[in-house]
2 protein chains.
Amino acid sequence: MRPTIRDVASKAGVSIATVSRALRDPQIVSKETQSKVALAAQELDYVPNHLGRQLAERRHAANGIVFPDLSGPYFAEVVLGYEAVAAELGRSVLLLSTRGRESAAAMVHDLAARTDGLVVLGRTVPDDALHSLVRRGVPLVLLARTPLAEIDSLNAENRQTARALAAHLTAAGAGAITFVGDPDLSPDIAERLEGLEAGAGGATVTVTRTPELDEGSGQRAGDAVVASGRLPDAFACANDELALGLMTTLRAGGVRVPDDVLVSGWDDVMAARYAGLTTVRQPMRDLGATAARMLDELIRGQRTEPRHEVLATELIIRTSTTSTTGTTSTT
Amino acid sequence: MRPTIRDVASKAGVSIATVSRALRDPQIVSKETQSKVALAAQELDYVPNHLGRQLAERRHAANGIVFPDLSGPYFAEVVLGYEAVAAELGRSVLLLSTRGRESAAAMVHDLAARTDGLVVLGRTVPDDALHSLVRRGVPLVLLARTPLAEIDSLNAENRQTARALAAHLTAAGAGAITFVGDPDLSPDIAERLEGLEAGAGGATVTVTRTPELDEGSGQRAGDAVVASGRLPDAFACANDELALGLMTTLRAGGVRVPDDVLVSGWDDVMAARYAGLTTVRQPMRDLGATAARMLDELIRGQRTEPRHEVLATELIIRTSTTSTTGTTSTT
DNA sequence: TTGAAAGCGCTAACAA
DNA sequence: TTGTTAGCGCTTTCAA
């Protein structure tokens, strides 16, 4: 059995209250007591039990982060930025992916019950579940999700940069742009489409909906395009993975990118750099880090008014020659 | 204040023990009691406090995962695989990155104190800290780390596939191979180098050490090569990010890859596909998932003998024409 | 400066 | 089937 505060107390010949004091604030006990306790704790290899401590303190010193089905580089980066700041603030991070789980709302409630607050990404949790969390007094920050007036939100700028992207595409001669991705999937995507339309000027914008935001969906979209034999001047995709899948399939189908058609993504994941993909860079780590800070303010009760933040994004224009890739696999 | 079990009990007109029973196993109370309790809980919007529950049960229903400075796609994938299985097993996941923190050992001990068991990746934690965890009875699985006889370990196969890689490179005419990466950084890397040497046949293998495993280190290695003007026949890099950074810099310096020199990586991250990089695929998700299962066995006490697992890896040969990429950025 | 004692919210004997 | 009660390991009044 692990030693408890009682073991340390009896070994040091003091009360458990004194052990507690000596360990959490050595100043407030006598020097002698302090060293007796320290020695006893050392010898017993004593580590305070967090559950007991937290139960008494009525706090968890832990934050949760909830992210959706979509895995991929974007979420990984956000989580890393979040963890870094949380650790700095002395908080552990509890991870929850709602990927393909029906019981998302229940799981999130459960997570809330073991943390001091939650960051919720994207469309992982229905609005009513969020409101019920708020009613329960759970500090909450929404990340990349439609802001709700009374709940903190953090987003990356979409519309403005999407306009810039549209301007870039039309300047490159695109008179017909196809947006790939479903604006109903997330507010981020809807905003990107809106910005694109707003910035397209005389160019036409049509929408090809995809069920997911992954490479596979991009590939299937590409298959359809190749089969139809009809190309727009540019594809503006809702994210990089979609764009990369699309581009690959187009090239495999004999379409030259960017000579025959332009393709752009969104996020600027690592693969986008190596694929020479024009895209929009989101400050992914910074999103995670900022969310952690906002949540901390809420948890400490330093703020009661909701904050709504938008971080800047950046258009990244890349030009690459067509590259052909072959793959062989051997175990 | 959040309602407690006592609030529910008094509202339902039963004892707290009955509430506890009704909520955790509805079968064992009378139908009538069950519905009274359910109703009261519902009306109060009662959610059991995990701390109280866990303190009484003496378990956390949470696992930790510790990963090193190296972020990047590899770790993200492992974590996702881990979380998926942990959630399936009814456990939450606590995340800890030791990235650039001196107090790693202390943080890991702290994490251990709030979880039922830990998966430790790579060289994040010194051996003595691991042994002290074992002494404390913390269930432990080492992932991508030198196995210690008495502790569970899980690794991806290195030597054999590295031999296959060497065979591929020499078959392609490489008589001089430079290994890029520091075998002292991790046992994985050391094994890759050993396998490469073992499979190189008559080819010579030299080693260029890099301080990190990231793109920046690869670029700096590339700069040095370009400056020296001397090329081996092939660069076998310790991981993909290194290889991608190196390849980019070589190409920028006028070296044609793969015409002038072959470059290979390790991991098969997404960017490797788009860069046309020859590499070795690791089952990253599966590593995370398997680690979670092994840890669960330990936590449940289903097994006392340590298990040492090695998952298969796969050589992925890609051929790509040189592609030139230009980047412009606009905010 | 220290100790005694009352909880924090819950589970699990044990009794009824 | 239900209630009583004694903890789980810790913090924190309140007294001494």
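In this text, all values refer to a predicted model and were calculated from it rather than measured experimentally. What's counted below: heavy atoms across the whole structure, side chains too, no hydrogens, waters or symmetry copies. Quick note on labels: first sequence line is chain A, next is B, and so on, each numbered from 1.
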*Asks:* State, yes or no, whether a side-chain contact exists between A:Q54 and B:H50 at a heavy-atom distance under 4.5 Å.
*Replies:* no
*Asks:* How does protein reach along nucleotides 11-16 of chain D, written 5' to 3' as B (base within reach of a heavy atom under 4.0 Å), S (only sugar-phosphate), or - (no contact)?
*Replies:* BBB---
*Asks:* Rounded to the nearest angstrom, tell me the gap between atom CZ in A:R59 and atom C1' in C:dC8.
*Replies:*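 One finds 14 Å between C1' of C:dC8 and CZ of A:R59, rounded.
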*Asks:* Kindly indicate whether the side chain of B:V119, heavy atoms from C-beta on, has any atom under 4.5 Å from the side chain of B:N63.
*Replies:* no
*Asks:* Could you tell me the separation between the CG atom of A:N49 and the C1' atom of C:dC10, rounded to a whole number of Å?
*Replies:*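 Distance check: A:N49 CG to C:dC10 C1' gives 14 Å.
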*Asks:* Does the A:R145 side chain pair with the main chain of A:V125, one donor and one acceptor, at a distance under 3.5 Å?
*Replies:* yes
*Asks:* Roughly what angle, to 10°, lies between the helix axis at the start of the helix from C:dT1-D:dA16 to C:dA16-D:dT1 and the one at its end, five pairs per end?
*Replies:* 40°
*Asks:* Starting from C1' on C:dT1, measure out to CG on A:D25 and report it in whole angstrom.
*Replies:*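 Atom-to-atom, A:D25 to C:dT1, this comes out as 13 Å.
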*Asks:* Could you tell me whether the side chain of A:R123 and the main chain of A:L185 form a donor-acceptor pair under 3.5 Å?
*Replies:* yes
*Asks:* Select from A:R6 and A:I28 the residue whose nearest nucleotide in DNA chain C is closer to the 5' end of that strand.
*Replies:*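 Nearest nucleotide further toward 5': that of A:I28.
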*Asks:* CG of B:L44 versus P of C:dG9: gap in Å, rounded?
*Replies:* 14 Å
*Asks:* Do A:Q282 and A:E77 have side chains that approach each other closer than 4.5 Å (heavy atoms only, starting at C-beta)?
*Replies:* no
*Asks:* Flag yes if more than 12 heavy atoms outside A:Q42 fall under 6.0 Å of its CD atom; otherwise flag no.
*Replies:* no
*Asks:* Looking at B:D7 and B:P3, what are the two nearest heavy atoms and their distance?
*Replies:* OD2-CA, 3.1 Å
*Asks:* Hey, does the side chain of B:T4 come within less than 4.0 Å of C:dG9's phosphate (OP1/OP2), counting only N and O?
*Replies:*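 Answer no for this pair, as no side-chain N or O of B:T4 is under 4.0 Å from OP1 or OP2.
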*Asks:* Expressed as a whole number of angstroms, how long is the span from A:R114:CZ to C:dC10:C1'?
*Replies:* 14 Å
*Asks:* If you apply the rule side-chain hydrogen bond (donor to acceptor under 3.5 Å, both in side chains), what do you find for B:H308 with B:N155, and how did you get there?
*Replies:* CA-CA 8 Å; B:H308 299 281; B:N155 284 279; over 6 Å; no
*Asks:* What nucleotide among D:dT4, C:dG3, C:dT2 has an atom nearest to a side-chain atom of A:V14?
*Replies:*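 The listed nucleotide nearest to A:V14's side chain is C:dG3.
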*Asks:* I need the CG-P distance between B:L23 and C:dA12, as an integer number of Å.
*Replies:*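 Distance check: B:L23 CG to C:dA12 P gives 14 Å.
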*Asks:* Using whole Å, report how far CG of A:L55 lies from C1' of D:dC10.
*Replies:*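 Going from CG in A:L55 over to C1' in D:dC10 covers 8 Å.
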*Asks:* Within this structure, what is the NE2-to-P distance between A:H60 and C:dG9, rounded to whole angstrom?
*Replies:* 11 Å
*Asks:* For the backbone of B:E305 and the side chain of B:R303, can you confirm whether one donor and one acceptor N or O come within less than 3.5 Å of each other?
*Replies:* yes
